[in-house]
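Shown next, in structure tokens, is the structure this report addresses.
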Amino acid sequence: MIDFQNVSFAYEKGDPVIDGISFTIPSGESVGLIGANGAGKSTVMKLLLGLLQGEGTIRVGGTPVIKENLAKIRAGLGFVMQNSDNQMFMPTVYEDMIFAPLNYGLSREDADLRVDRVLTQLGLEKLKYRHNHKLSGGEKRMAAIATILAMEPQVILMDEPSSALDPRNRRIVINLIRSLGQTKLIASHDLDMILDTCSRVILLSEGRIAADGPAEEILRNRELLEANRLELPLSLSPR
Amino acid sequence: MNKMEKALSELSGMDRLAEQDSPLHRIHPSAKLLSTVLYVIVTVSFSKYDLSGLFPMILWPLLLFQISGITLRSCFYRLRIVLPLVMAVGLFNPFFDRTPVLKIGAFTVTGGMISMLTLMLKGVYCLMASYLLMATTGIDQLCAALRKMHFPRMLVTLLLLTYRYVGVMTEELAVMTDAYQLRAPGQKGIHISAWGSFQGQLLLRSMDRAQELYSSMLLRGYHEHFHYADVSPFHWTDLLYIAGSAAVFFFFRYFNTARLIGTFFVR
Ligand SMILES: Nc1ncnc2c1ncn2[C@@H]1O[C@H](COP(=O)(O)OP(=O)(O)OP(=O)(O)O)[C@@H](O)[C@H]1O
Ligand SMILES: [Mg+2]
């Protein structure tokens, strides 16, 4: 479904931020993308979305991510941004949620139904007509996730979905991620969440893949994690 | 929030008033737009010495304020940062144009004074009319109406995004001033030595955010046209509104109403 072959990228003639990475994610798999601050997680996502162009080839569902295919590819990708402030641009949550469905040709009635379904699924009915700029940080994050679910994408990309969330909302998001059948790529420092939601983990370090394998295995490997400025997930650390 | 931000954010949030309901809110956006444009044209067309002719033009916006339930106070309060600019336009007229037109005792009223007042009034009237339009219609409806009237898509999108951009910039400004004040307690405003970097940062940050917001739009299927709000169909009352307001404007324009009323009483 997602295929990176020897992909490199540098912001404005600096050192490469992504340095020749290759991996393949089959349809339906949940993959956690972990790594220290600045390791290149967000950059990988932006490359996949075609927001940045690097070297090498990236394919989504067999279609190369190049300018001509962007509209088609993006219709199937839902991206929850690291900063929700930058994601929501309409005045209210409802208008933001309905934006993508309308653009993809749904009638207003169908789009309305979809919005209500997603809001109920997330337990966010109260937020529907709230103004985006007046939401709390965590509410904004939940609303941003809702806007993406309203797109019904085939692939879901999440950049730090659990940051800013209280334990209850974090749990809701974790359960949600587990219940979604789509292909998922989740970048996070919340290794407990990754352990709960992903079967596989890709560990990035300075733009290279330091490890790629079953989540249980990598997240239990204390030496590997510490060598890459990470720690064992709480649920796996000895007391 | 400091004063400037507060004023700016109120300005950008002005179309939230449009969520209220009144007979004026229910008029078709295109009708209100046309009528407002007409009002502005007629107001501007008064000669620069025709102060008495211009006076009655204020009756129209006053009437609309009454009907819409929007207060005149809120208008001047929200527009307080633009108002001085509009007022300043005619400020130098009294110095250039010293032809006497009227003598009241020892005091000579010059042409320049009259034209200054006329200009100021024109500015204030137009502001009031635009405020009413925004406050009863809302930016989305307004843009939808412009599109329906076949305004170029580029311009309408630009208008909509600029309006939103003011909001983004205000938010960044608020975050930055808060961050500044927390590390410079007891200072009033921002010290002049920090102005340069402050402005630069503000521009960069709001541009970055605008860029990210734009990506977010692209990722959700936006290609250069918005699905504007649904505009209700044109009703005969909307036509009546246009015709009625046009009649009133032209009456004020071609008959000096103030003088008419004056002669009425003198007789
Ligand atoms: N717009 C940009 N211009 C230049 N360099 C950038 C830009 N954005 C990110 N970088 C650099 O690229 C590197 C990778 O950044 P990226 O945002 O992908 O990291 P990340 O793994 O998502 O980190 P975090 O966990 O902090 O979110 C960092 O060293 C960062 O400084
Ligand atoms: Mg990141």
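Residue numbering restarts at 1 for every chain, and letters A, B, ... go by the order of the sequence lines.
The minimum heavy-atom distance linking A:Tyr104 with B:Leu219 is given by the pair OH-O, 3.9 Å. When every heavy atom of A:Phe99 is checked against every heavy atom of B:Met217, the shortest pair comes out as CE2-O, 3.9 Å. Summarising the geometry of A:Met88 relative to B:Arg220, their closest heavy-atom pair is CA-NH2, 4.4 Å, with the distance given to 0.1 Å. Taking both residues in full, the closest heavy atoms of B:Ser216 and A:Gln87 are given as OG-O, 2.7 Å, listed atom of the first, atom of the second, then distance.
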Atom pairs and distances, donor-acceptor, side-chain atoms in residues 32-52 of chain A, under 3.5 Å, two or more places apart:
residue, atom, partner, partner atom, Å
A:Asn37, ND2, A:His189, NE2, 3.3
A:Lys41, NZ, A:Gly35, O, 2.9
A:Lys41, NZ, A:Ala36, O, 3.2
A:Ser42, OG, A:Gln82, OE1, 3.0
A:Ser42, OG, A:Asp159, OD2, 2.6
A:Thr43, OG1, A:Tyr11, OH, 3.3

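Residues meeting the side-chain hydrogen bond (donor to acceptor under 3.5 Å, both in side chains) test with A:Ser205, sequence neighbours left out: A:Asn228.
Atom CZ of A:Arg130 has more than 12 heavy atoms from other residues, nucleotides or ligands within 6.0 Å. At most 12 non-hydrogen atoms from other residues, nucleotides or ligands lie less than 6.0 angstrom from CG of A:Asp15. Around the NE2 atom of A:His131, the shell of radius 6.0 Å holds more than 12 heavy atoms that belong to other residues, nucleotides or ligands.
Of the atoms belonging to A:Asn83, not a single heavy atom falls under 4.5 Å from chain B.
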